[in-house]
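Below is one structure, written out as C-alpha cells; the observations come after it.
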Amino acid sequence: MKIDPWSSTTYQDYSKLRDEFGIEEFSERLGRNFPHPHKLLRRGVVFGHRGFNVIQDYVAKKKPWAVLTGLMPSGKMHLGHKMVIDEVIYYQSIGADINIAVADIEAFATRGHTLEQTKEFALKEYIPSYIALGLKPEKCRIYFQSKNEDVKDLAYILGKKVNWSQMQATYGFNASCNMAHIFSPLIQTGDILHVQLKKYGGNRPTLVPVGVDQDPHIRLSRDIAQAHRLYNVMVTKDKKIGVFVKIDENVSKLLDNAEKILKNLKFNKLKRITDYKAIYIEDAVKEDIQKIDEALAKTETRFGGYGFFQPSATFHRFITGLTGEKMSSSKPESAIFLTDTPKDATKKIMNSKTGGATTLEEQRKHGGKPDECCVYELFLYHLIEDDKELQEIYTSCKQGKKMCGDCKKYAAQLMEKFLIDIQKKIESAEGKIKKYLF
Ligand code: TRP
Ligand code: SF4
C-alpha cells in the first residue's frame, strides 16, 4: 500500500493506515484534553497524528507554537475543504499563530492550473470562505507559494538532504514524471518549515492539520527537518544519553555551546569526547531528551544551522460524498458547496445515500446503520454541535425509531440555516481579505 497525495483514492480502513505507516492514534481522550475541544477532535474524525505530544506540551505551558496548512484551490470550496479550516480556526482560538499556504505552484505542477487561475479561486472563493467561517486576521497570514521567496529558497536548500531514491520510494515517482511535479513536495516542505525561520517567528513546534493523503509530505518534512539539524541527542547502544555534533565544521565551538546549554539545564556529569564529537550526559534520563534537544535547536542558527523542530501533524478522515463515493468538486452531486443555494443543497441531501434499510418495515425492525450513512456524517462533521443530540440520533437510528426521510429533512433544515448564514458572511468578507494576505 502507498499513500499518493495526488490520486483520488478514498481511504476506508483508518486503523490499518495507522498501523502500516506508523501514524499514532489520536484518541478521543487526547482530543478532549484540550480547552473547549472542537467536535472534529472530540469525535474521532481526527484519527491520527505524528508528534502531537509536543504541541500538547506547549499548549499546557502556554509557550508559542504555530499552525501551518495549505490549500490547493481548484474550483469551488465544499464541506470536505471546510474541515481543515474548522480545525485551524479552533487552534487559532487556543493561541496558535496561523499560516496558510495557497499552493499555486503545486496546482500548476500537478493539476495544470495557471498561477492566475489559482489566484482567482483563492481570492474569490476560498479565502472569503475562511473569513466567513471565523478565521481572525490577528496572528494570521495567508500567502501564495509563488510569491514567497523564503519558501522557494528553502525548498531548494532543503533538497540537498534528500535523494532521488527516497523521493521514488515515498511518492512512486518514475522517469516520465515532470520535474515541476517532482519538486512540488520540496515546496510543501518549504511551506511547512519556513515558519520556523527567524522572520516568521523562529524555531517552535508547528502543527500541520491535514487529510491523511498528505502523510508522505509530513514524513518527508520530518525527515528533512531532522537531517538539517547540527546536533543529535540520543540514547546510545550502551544506554547512555549523548549529544552528538553532526557536522565536521566548528566542532569544538558546537561542543562548547552544548556544554554551556547542558550546564544551564543543570546537568553536571558531562563527559566530553571530542574525537567522537560527543558529550555524554551521565545524569540525564530518557525523558530529558526532548528538553535538551529543544534547547540545543534554539542555538543552531548561530552556527549557520536551522534548528528545526520536527513538524507535528494531525490527520482527519475524509467526509464521504453524498453519493457514497468521494466528495469531489468534479462531481457536484457528491458535494455540498458553501455557495450552493439551500434549494440545491436540499435536493442533494434528499437524494443522498443513507444507511437505511430497503423498506420502512425492515428499518423499524432492524434499525439503520448510521456508521454507513452520509446524512449522519453531515451531522457528525458539520451540522450538530451538541454531543448529546448527536448520540440520540445515533441510538434512535440503530433502534429503528428514526426514519431516513425525516432525518434527511432535518439535515436539510440545518444545512439551509448554515448556508444562508455563511453566504451572508462570505459576501461581507470580500472587503476584508487584505488584512490576511502577506
Ligand atoms: N498539498 C496540499 C493539498 O493537496 C496543499 C498544501 C501545500 C499543504 N502546502 C502545504 C498542506 C503545506 C499542508 C501543509 O491540498
Ligand atoms: Fe442515516 Fe438518519 Fe437513515 Fe439513520 S435514520 S440511516 S442516520 S438517514
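Here, residue 1 is the first one in the sequence, and each next residue gets the next number. Atoms considered below: every heavy atom in the structure, side chains included; atoms not considered: hydrogens, waters and symmetry mates. All of these numbers come straight from a predicted model, not from anything done at the bench.
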Exercise. May I have the step-by-step check of salt bridge (Lys or Arg N to Asp or Glu O under 4.0 Å) for K61 and D57, ending in yes or no?
Key: CA-CA 6 Å; K61 293 185 178 136; D57 185 41; 2.9 Å; yes
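- Within the 4.5 Å cutoff, side-chain heavy atoms of N257 are placed close to those of Y231.
- A 4.5 Å side-chain heavy-atom check between F21 and F315 finds every atom pair outside the cut-off.
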Let's go through L265 and I261 carefully: what are the C-alpha distance in whole Å and the side-chain angles of both, what is the deciding distance for side-chain contact (heavy atoms from CB on, under 4.5 Å) to 0.1 Å, and is it a yes or a no?
CA-CA 6 Å; L265 291 172; I261 299 286; 4.2 Å; yes
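- Around CZ of F173, the count of heavy atoms belonging to other residues, nucleotides or ligands within 6.0 Å exceeds 12.
- Residues D371 and Y376 bring no donor and acceptor atom of their side chains to less than 3.5 Å of each other.
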Practice problem: Apply side-chain contact (heavy atoms from CB on, under 4.5 Å) to L230 and L296, showing your working. | Solution: CA-CA 9 Å; L230 305 183; L296 291 170; over 6 Å; no
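- Between I289 and V235, some side-chain heavy-atom pair lies under the 4.5 Å cut-off.
- For R222 (side chain) and P311 (main-chain N/O), a donor-acceptor pair under 3.5 Å exists by modelled atom type.
- Note: Y381 and H316 fail the aromatic proximity criterion, with ring centroids not under 6.0 Å apart.
- The aromatic ring centroids of Y200 and F438 lie less than 6.0 Å from each other.
- Ring to ring, F418 and H382 are not that close: their centroids are 6.0 angstrom or more apart.
- When side chains are defined from C-beta on, M77 counts as touching L133, because their heavy atoms get closer than 4.5 Å.
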| task | Might you work through the side chain to side chain donor-acceptor pair (under 3.5 Å) test for N203 and Y306, ending with a clear yes or no? | result | CA-CA 8 Å; N203 296 125; Y306 288 99; over 6 Å; no
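- A heavy-atom distance below 4.5 Å is not found between the side chains of T301 and K198.
- With a 4.5 Å cut-off on side-chain heavy atoms, E125 and F337 do not count as touching.
- Looking at L30 and Q56, their side chains come closer than 4.5 Å, going by heavy atoms from C-beta outward.
- Using a 4.5 Å heavy-atom threshold, the side chains of K432 and P137 count as separate.
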